[in-house]
2 protein chains.
Amino acid sequence: MNKSEVKVIGILERVGGFASAQELYQLLQRNGESIGLTTVYRALQSLVSDKIVDQLRRDDGEAIYRLCGDSHHHHLVCKLCGSTVEIEGSAIERWTKTVAEQHGFREVGHTAEVFGICPNC
Amino acid sequence: MNKSEVKVIGILERVGGFASAQELYQLLQRNGESIGLTTVYRALQSLVSDKIVDQLRRDDGEAIYRLCGDSHHHHLVCKLCGSTVEIEGSAIERWTKTVAEQHGFREVGHTAEVFGICPNC
DNA sequence: AGCAGAAATGAAAATGATTTTCATTTTCAA
DNA sequence: TTGAAAATGAAAATCATTTTCATTTCTGCT
Ligand SMILES: [Zn+2]
Ligand SMILES: [Zn+2]
Ligand SMILES: [Zn+2]
Ligand SMILES: [Zn+2]
């Protein structure tokens with residue numbers, strides 16, 4: 001966890017939701033932080049692979065990031081405004097386990113995202 | 001529905017699943033079809049807005065397309081050798097629907113991938 | 001402190017998917 | 001037939017992201 005990663009976590013905390021790398025870079029600039037765009041990308045990559053940050057995609061394909069809580073969860077994301085609800089998934093947890101065992105797979109993980117249009121949109 | 005859109009639908013039928021615009025373009029070329037990359041993109045846009053084709057995103061952000069009505073399924077992928085099993089997911093289908101409705105979301109879709117280590121590895 | 005190697009940094013260039021431009025060709029109804 | 005509208009595609013532009021690479025900063029050791 002280096003200096004840049006701390007800066008990126010800090011700005012993600014202030015954002016409180018999803019933001020793209022480009023947006024985070026601009027926010028950092030406005031805050032007077034000295035950090036390059038390349039470094040923002042590298043910090044985000046590192047934080048994602050450490051599971052400190054969630055990465056998903058806007059409809060236009062741009063990657064967006066946000067701080068992830070430590071407990072395992074999934075997301076319910078609005079296709080229009082991007083608002084997100086963290087959801088528990090005991091049903092899906094059981095399903096992945098079952099289906100993997102049926103096929104003899106071990107060390108099983110999974111990804112799952114639910115998306116739709118939220119009540120506000 | 002113009003000539004190009006028919007060609008794109010044709011190649012999507014032969015693919016039988018998801019493919020990117022670039023991949024579809026190359027397949028059309030190999031089939032001797034005369035069609036430009038720009039036109040492939042335009043045909044896909046049009047088909048997506050007519051709800052004839054589904055568009056989603058690969059993890060790297062590249063858009064992928066498939067004919068609507070290809071049967072819905074998920075994948076169980078080996079982390080080591082990449083071998084893939086197509087799986088049915090009635091449990092996860094129900095779960096996504098329930099969880100989305102609880103939060104007032106409509107027009108709900110989802111993605112789900114299960115990964116692990118296959119029996120051969 | 002002084003030094004060497006490792007890690008981090010960021011500007012600039014490269015990459016690659018997708019979109020835009022624009023001149024040309026095709027379609028089609030009057 | 002004719003002229004406007006739609007379709008086409010090559011080339012250029014766009015834009016997020018990655019790569020390169022020279023420079024700077026950090027870290028552990030004497
Ligand atoms: Zn919304
Ligand atoms: Zn889960
Ligand atoms: Zn395997
Ligand atoms: Zn499903």
Side-chain angles (χ1 to χ4, degrees), chain A residues 1-12 15 17-68 77 79-82 84 111 113 115, chain B residues 1-12 15 17-68 111:
Chain A
M1 175 88 69
N2 62 34
K3 214 185 303 183
S4 301
E5 291 169 24
V6 172
K7 287 183 189 172
V8 168
I9 289 176
I11 198 70
L12 278 171
V15 166
F18 282 106
S20 70
Q22 308 274 350
E23 289 163 353
L24 294 170
Y25 170 68
Q26 285 176 26
L27 288 170
L28 285 163
Q29 298 285 300
R30 278 185 220 135
N31 272 50
E33 293 286 359
S34 166
I35 187 172
L37 178 58
T38 310
T39 304
V40 171
Y41 273 106
R42 273 192 291 238
L44 285 169
Q45 274 178 224
S46 170
L47 292 169
V48 167
S49 83
D50 290 349
K51 314 224 160 128
I52 295 167
V53 162
D54 279 334
Q55 171 178 21
L56 41 105
R57 298 266 165 197
R58 291 207 175 119
D59 273 352
D60 67 357
E62 188 175 2
I64 50 180
Y65 306 86
R66 81 157 196 187
L67 282 181
C68 190
V77 185
K79 286 188 260 194
L80 300 182
C81 70
T84 302
T111 64
E113 293 286 329
F115 43 90
Chain B
M1 175 87 68
N2 61 36
K3 215 185 302 183
S4 300
E5 292 169 24
V6 172
K7 286 183 190 172
V8 168
I9 289 176
I11 199 69
L12 277 171
V15 166
F18 283 105
S20 70
Q22 308 274 351
E23 289 163 353
L24 293 170
Y25 170 68
Q26 285 177 25
L27 288 170
L28 284 163
Q29 298 286 300
R30 278 187 219 131
N31 272 49
E33 291 286 359
S34 165
I35 187 172
L37 178 58
T38 310
T39 304
V40 171
Y41 274 105
R42 273 192 290 239
L44 285 168
Q45 274 177 224
S46 169
L47 292 169
V48 167
S49 82
D50 291 349
K51 313 226 159 128
I52 294 167
V53 162
D54 280 335
Q55 170 179 19
L56 347 79
R57 297 268 164 194
R58 293 209 172 118
D59 273 352
D60 67 358
E62 188 175 3
I64 51 179
Y65 307 86
R66 76 163 179 196
L67 282 181
C68 288
T111 63

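Numbers restart at 1 for each chain; the letters A, B, ... are given by sequence-line order, proteins then strands.
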Discussion item. Rounded to whole Å, please give me the gap between CE in A:M1 and P in C:dA7.
Written reply: 18 Å
Item to complete: With axes from five pairs an end, tell me the bend angle of the helix from C:dA1-D:dT30 to C:dA30-D:dT1, nearest 10°.
Response: 20°
Worksheet item: Does a nitrogen or oxygen in the side chain of A:T39 sit under 4.0 Å from OP1 or OP2 of C:dT9?
Response: no
Fill in: Integer-rounded Å distance: D:dC15 P and A:Q26 CD
12 Å
Item to complete: Take nucleotides 16-27 of chain C nucleotide by nucleotide from the 5' end and write B, S or -, depending on whether a protein heavy atom sits under 4.0 Å from the base, only from the sugar-phosphate, or from neither.
Response: -SBBBB-----S
Worksheet entry | B:N2 side chain to B:S4 backbone, donor-acceptor under 3.5 Å | yes
Worksheet item: Under 3.5 Å, side chain of A:Q55 to main-chain N/O of A:R66, donor-acceptor pair present?
Response: no
Worksheet item: Is the shortest heavy-atom distance from the side chain of B:M1 to the side chain of B:D50 under 4.5 Å?
Response: no
Worksheet, complete the sentence: Tightest non-hydrogen contact, residues A:F18 and A:D54, listed as CE2-O, 4.5 Å
Discussion item. Treating B:Q29 as the side-chain partner and B:L24 as the backbone partner, does any N or O pair qualify as donor plus acceptor under 3.5 Å?
Written reply: no
Fill in: Protein-nucleotide distance (B:E33, atom CD; D:dG9, atom P), rounded to Å
11 Å
Worksheet item: Which part of the nucleic acid, if any, lies within reach of B:S34 when heavy atoms closer than 4.0 Å are counted: base, sugar-phosphate only, or nothing?
Response: sugar-phosphate
Worksheet, complete the sentence: Closest non-hydrogen atoms of B:V40 and B:A21, given as atom of the first, atom of the second and distance, are CG1-O, 3.9 Å
Worksheet entry | For B:L27, side-chain contact (heavy atoms from CB on, under 4.5 Å) partners two or more places apart | B:I11, B:V15, B:R30
Worksheet item: Does C:dT9 have OP1 or OP2 sitting under 4.0 Å from an N or O in the side chain of A:N2?
Response: yes
Under 3.5 Å, side-chain donor or acceptor atoms of residues 41-48 of chain B against the rest of the protein: list the pairs with distances, not counting sequence neighbours.
{"residue": "B:Y41", "atom": "OH", "partner": "B:Q22", "partner atom": "NE2", "Å": "3.0"}
{"residue": "B:S46", "atom": "OG", "partner": "B:E5", "partner atom": "OE2", "Å": "3.1"}

